[in-house]
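Data block below; observations after.
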2 protein chains.
Amino acid sequence: MNPRLDPRKAPRQDRSRRTVERILAAAARIFDEDGYAATTTNEIAAMAGVSIGSLYQYFPNKDAILVALGRRHVETVAAGLTDLLGGVEPDADLRAVVDVVVRFLVDQHAHDDLHRLVAHEAPRTPELVAELDRARVLLVGFASELLAGRLPAGADTELVASMMVAVVDAGVHDVIIRRPAGPARDAAIALTVATAGSLLTVTPPDCRARVGAARRSGE
Amino acid sequence: MNPRLDPRKAPRQDRSRRTVERILAAAARIFDEDGYAATTTNEIAAMAGVSIGSLYQYFPNKDAILVALGRRHVETVAAGLTDLLGGVEPDADLRAVVDVVVRFLVDQHAHDDLHRLVAHEAPRTPELVAELDRARVLLVGFASELLAGRLPAGADTELVASMMVAVVDAGVHDVIIRRPAGPARDAAIALTVATAGSLLTVTPPDCRARVGAARRSGE
DNA sequence: CACGAATCCGAGGGTAACTCGCATCCTGGG
DNA sequence: CCCAGGATGCGAGTTACCCTCGGATTCGTG
């Protein structure tokens, strides 16, 4: 219950539930069009057809509106992943699972521009960073569950899961931001899947052999 | 020459050069301690022992101060990388090069907390996003140069370079933020290197085989 | 020293986040 | 139906902070 980010109070009647919806819809739109920093809470209230006072009745500050949008997004994605991963058979090919997951995420973000907003334009106060990290932990949990007992002996499941989430996140992000639909996008998706898949068999080769370039003083 | 971010004018005399230094030093400290959003330009000026007017003589706005810090950081890293990569012999083991690069980056960030600030707490106006992307392009350039002619036939060098940068970035970030020095950190570094190294030999296996879990309606 | 350029200064203007007291609407018990 | 109390809505006003501007001060140079 973070008073800096959590809703001030829950809407109880239908009327106020609609108010909150209108505020969130307006915010999503204006944030996306003008960027977070450039949109004012007054604009949001105006576009929502709501007074500024009503807005602050439910959200303690501007960040809280962003967080509410972000949480919805995370919930949607988490639900989708639960659905996808729930039916994985014990002997399924994990690379194929990763492939499905990556495509799911890309699809998801095609329908919901919140990703760009949250990952790209959000201001990062300490509170928002913590909020983002909560989502990350959730995803690492999913991955750990998926990987449990399927990695080479001696591998650190949490570490590999963490890296896998990072790779998938970076790959999906790259795809969404920089690879327009088409062959380029397909190649980027394939590479993301291949890279994440390679984590299933890594055994760090402990390659400490010094490279010729390591000519830093005294080396 | 972005008037929203570039310095308003360059300091010509020693006095003003020192003023700019003091402003940047104060800003780095307060940004890091209190977070970007919570620090005011008046605080920065006060801690720098400079009037608010002098601050705005050189920086058009708060973001510009952050950008100046970020650019210095990028310059330092780029110089270090140029130094490291300049001497790579044509037949060097690229995995070892990646290992050296990753360790260099981790070291670099141990001495310079700017990473956390720029990557983690900076607000992202469209201008700042563009600025960050310039740094990314620079790094992808480094990687492309390194990879040129060394990938399996048919591989898209730019794409692989882009993914490699993303993996290294994510790995280094993870190490800095979440892996305290010790065996945990070493393992995370090794995994980062191994993952990036795996990119040297990827041939996307085109694994379209459907997983058992793909039970979405109509699939 | 004189003069122009560079630098410094800080009160104050403007904008946008956020508050507060009151009006209006809804709900449930009598 | 009526009323009391809670829920909701409102928007002018307060506040905080970014940034400007015009004038004072210092520096470099002939």
Side-chain angles (χ1 to χ4, degrees), chain A residues 2-27 30-31 33-69 121-123 125 127-128, chain B residues 2-27 30-31 33-68 122-123 125 127-128:
Chain A
N2 183 340
R4 299 258 321 131
L5 295 181
D6 286 322
R8 206 163 248 179
K9 69 182 183 190
R12 303 216 161 282
Q13 304 176 359
D14 260 8
R15 185 173 40 141
S16 53
R17 266 190 290 275
R18 260 178 284 126
T19 297
V20 169
E21 287 314 310
R22 306 234 305 276
I23 292 170
L24 288 176
I30 311 187
F31 282 162
E33 283 177 7
D34 299 351
Y36 181 86
T39 91
T40 73
T41 50
N42 291 284
E43 273 179 284
I44 295 172
M47 159 139 326
V50 160
S51 103
I52 187 62
S54 296
L55 186 153
Y56 281 97
Q57 197 94 37
Y58 299 102
F59 301 97
N61 52 58
K62 201 166 86 160
D63 283 355
I65 302 175
L66 183 67
V67 166
L69 288 171
E121 270 200 29
T125 64
E127 286 88 1
L128 285 180
Chain B
N2 183 342
R4 300 257 322 131
L5 295 181
D6 286 318
R8 205 161 250 178
K9 70 180 180 190
R12 302 216 163 283
Q13 305 177 359
D14 261 7
R15 183 169 46 140
S16 52
R17 265 190 289 275
R18 261 179 282 126
T19 297
V20 169
E21 286 314 311
R22 307 233 307 275
I23 292 170
L24 289 176
I30 311 189
F31 281 162
E33 283 177 6
D34 299 351
Y36 180 86
T39 90
T40 73
T41 49
N42 291 284
E43 273 180 285
I44 294 172
M47 160 140 323
V50 160
S51 104
I52 187 63
S54 296
L55 186 153
Y56 280 97
Q57 197 95 36
Y58 299 102
F59 301 97
N61 52 56
K62 199 165 86 160
D63 283 356
I65 303 175
L66 184 66
V67 166
T125 65
E127 286 89 1
L128 285 180

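Within every chain, numbering begins at 1; the chains are lettered A, B, ... in the order of the sequence lines, protein sequences first and strands thereafter.
When all heavy atoms of A/Phe59 and A/Ala68 are compared, the closest pair comes out as CE2-CB, 3.9 Å. For the residue pair A/Pro60 and A/Pro7, the shortest heavy atom distance occurs at CD-CA, 4.3 Å.
Counting only heavy atoms from C-beta outward, the side chains of A/Phe31 and A/Leu69 approach each other to under 4.5 Å. Counting heavy atoms from C-beta outward, A/Val50 and A/Arg22 have side chains that approach closer than 4.5 Å. The closest side-chain heavy-atom distance from A/Asp63 to A/Glu127 is not below 4.5 Å.
Nucleotide C/dC8 holds its C1' atom 17 Å from the CZ atom of B/Arg12, rounded to whole Å. What separates CD of A/Gln13 from C1' of C/dT24 is a distance of 12 Å, to the nearest Å. Between the CG atom of B/Asp14 and the P atom of C/dA6 there is a distance of 15 Å, rounded to whole Å. Rounded to whole angstrom, the span from the CG atom of B/Leu55 across to the P atom of D/dC17 amounts to 15 Å. If you take NZ of A/Lys62 and P of C/dT15, they are 16 Å apart, rounded to a whole angstrom. Here C/dC9 presents its C1' atom at 11 Å from CZ of B/Arg15, a figure rounded to the nearest Å. Summarising the geometry, the separation between CG on B/Asp63 and C1' on D/dC17 is reported as 14 Å, rounded to the nearest angstrom. Atoms CZ (A/Arg18) and C1' (D/dT8) sit 12 Å apart, rounded to a whole Å.
At a cut-off of 3.5 angstrom, counting only N and O atoms as typed in the model, there is a donor on one side and an acceptor on the other between the side-chain of B/Ser51 and the base of C/dG10.
Within a 6.0 Å radius of CZ in A/Arg17, more than 12 heavy atoms belonging to other residues, nucleotides or ligands are found.
With A/Tyr36 as the aromatic partner, A/Lys62 meets the cation-pi criteria of under 6.0 angstrom to the ring centre and within 45 degrees of the ring axis.
Counting only distance, with no hydrogens or angles, the side chain of A/Thr125 and the backbone of A/Leu128 share a donor-acceptor pair below 3.5 Å.
Note that CG of B/Asp34 and CD of B/Glu43 are 6.0 Å apart. Values are rounded to the nearest 0.5 Å.
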Nucleotides 19-23 of chain C: which of its N/O atoms have a protein N/O under 3.5 Å away?
{"residue": "C/dT19", "atom": "OP2", "partner": "A/Arg8", "partner atom": "NH2", "Å": "3.1"}

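Residue A/Phe59 is classed as having no contact, given no heavy-atom separation below 4.0 Å to the nucleic acid.
Checking the phosphate oxygens (OP1, OP2) of C/dA6, no side-chain nitrogen or oxygen of B/Ser16 falls inside 4.0 Å. The phosphate of D/dC10 has OP1 or OP2 within less than 4.0 Å of a side-chain N or O from A/Ser54. For B/Thr19, a side-chain nitrogen or oxygen approaches OP1 or OP2 of C/dC8 to under 4.0 Å.
Of the residues in residues 39-49 of chain A, those placing a heavy atom less than 4.0 Å from an atom of DNA chain C are A/Thr39, A/Thr40, A/Thr41, A/Asn42, in numerical order.
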